[in-house]
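Each ligand, and each atom within it, is numbered from 1 in the order the structure gives. No experiment lies behind these values; they were computed from the predicted model shown. No hydrogens, no waters, no symmetry mates; every other heavy atom, side chains included, goes into these values. Numbers here are sequence positions counted from 1.
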Amino acid sequence: MKFDLKGKDPLSKARAAVITTDHGTIETPIFMPVGTVGTVKGVHQRELKEDINPDIILSNTYHLYLRPHTKILEKAGGLHKFMNWDRNILTDSGGYQVYSLSDNRKIKEEGVRFKSHIDGSYHFFTPENVMEIQRTIGADIIMAFDECTPYPCDYRYAKRSMHMTHRWLDRCINHLEKLPFKYGYSQAFFPIVQGSTYKDLRAQSAEFIASRDAVGNAIGGLSVGEPAEEMYAMTDVVCSILPEDKPRYLMGVGTPINILENIALGVDMFDCVMPTRNARNGMLFTAHGSINIKNKKWEDDFSPIDEMGITYVDTEYSKAYLRHLFTVNELLGKQIATIHNLGFYLWLTREARKHILAGDFRTWKDMMVKQMDKRL
Ligand code: PRF
């Protein structure tokens with residue numbers, strides 16, 4: 001994997017770069033649409049490619065391991081072939097999904113025992129078998145197995161957990177060395193910084209992660225319920241330590257405003273279920289704030305969904321029609337809203353990139369943050 005810096009914003013720590021992998025280039029900053037089980041929910045691969053056009057999407061080890069299972073993915077020749085997606089894929093390691101299971105898992109030094117949310121069967125994830133599973137899924141970027149701490153989290157727990165995540169990281173690295181690539185293209189491995197909301201732990205974790213000299217680095221354990229200001233403070237500490245010449249990925253973040261603020265702190269990559277999940281609940285993101293399309297006020301508003309017209313759905317359908325689809329609970333409503341939101345998120349990171357390269361990102365970002373902080 002290659003990372004070429006193309007420009008830096010003079011008034012913030014934002015940067016624009018190009019990542020190159022065997023499945024093509026990724027222009028950063030980038031938002032990666034989430035395709036948990038091998039589909040970006042509600043969006044055809046053709047629409048994804050032609051209308052939303054991301055260089056990379058994200059998928060999940062936990063879900064793909066449970067269904068269709070690695071046996072099937074191996075037979076298919078990897079996830080790219082299985083789902084007919086020839087651009088980049090990143091897989092999360094399952095550290096976060098397992099954490100979300102709360103009562104249905106037990107974390108030990110050896111690994112995590114968890115109960116499947118599908119059939120209640122028991123499984124065991126270790127740093128080693130998670131690397132094997134990710135080799136078989138075959139994503140271009142694979143993630144370390146970590147523990148995402150909850151918020152709030154007491155200092156002692158956060159510290160112990162961080163050290164375990166570090167030991168797990170070395171187990172991931174040692175094991176990966178023994179595992180050849182499976183499908184003729186290479187996979188980049190990203191370790192994950194933890195440390196909850198404690199600056200000293202975050203600094204220590206970032207130093208440790210940086211010392212492993214991976215091709216890219218991630219920041220986990222944020223956007224788990226802490227105030228945005230705390231998240232930004234942590235990102236700032238970590239970005240000041242992680243190397244300049246490698247991509248930085250902030251996991252599971254966030255709102256459009258969170259994304260712009262974190263780009264300003266030096267983050268290059270993001271993923272979040274928010275644009276897709278909220279779309280299915282009728283929440284639309286726009287450059288002028290968010291809209292709840294189910295609201296009665298849109299009942300006879302025949303103006304386009306979004307005058308900006310980023311994707312074709314924005315101008316082909318009216319707010320009144322989209323509201324109607326939600327009212328009668330039609331599938332198409334969720335599809336249209338999903339295409340709109342993903343189109344908007346990708347527009348936002350592309351626009352951020354343009355402004356970084358033009359040198360006026362900070363001014364644009366401050367204006368956008370104000371403008372988007374509204375409910376329409
Ligand atoms: N770890 C992993 N995946 C994640 C997170 C994490 O901490 C987060 C936290 N926001 C989202 N996804 N492995």
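- Between Asn217 and Phe190, the closest heavy-atom pair is N-CD2, 3.9 Å.
- For ligand 1, the 4.0 Å heavy-atom shell takes in Asp92, Ser93, Tyr96, Asp146, Cys148, Ile192, Gln194, Gly220, Gly221, Leu222, Met251, Gly252, ordered by chain and residue number.
- Distance CG/Leu73 to CE/Met83: 11.0 Å, rounded to 0.5 Å.
- Taking the six-membered ring where the residue is Trp, the centroids of Phe125 and Tyr65 are separated by under 6.0 Å.
- Grouping Ile, Leu, Val, Met, Phe, Trp and Tyr by side-chain contacts under 4.5 Å, direct or through others, puts Leu201 with Tyr155, Met162, Tyr198.
- The one candidate from Tyr183, Trp85, Tyr185 that meets the ring-ring contact (aromatic ring centres under 6.0 Å, His included) condition with His80 is Tyr185.
- Thr61 contributes a side-chain N or O that, together with a main-chain N or O of Asp92, makes up a donor-acceptor pair within less than 3.5 Å.
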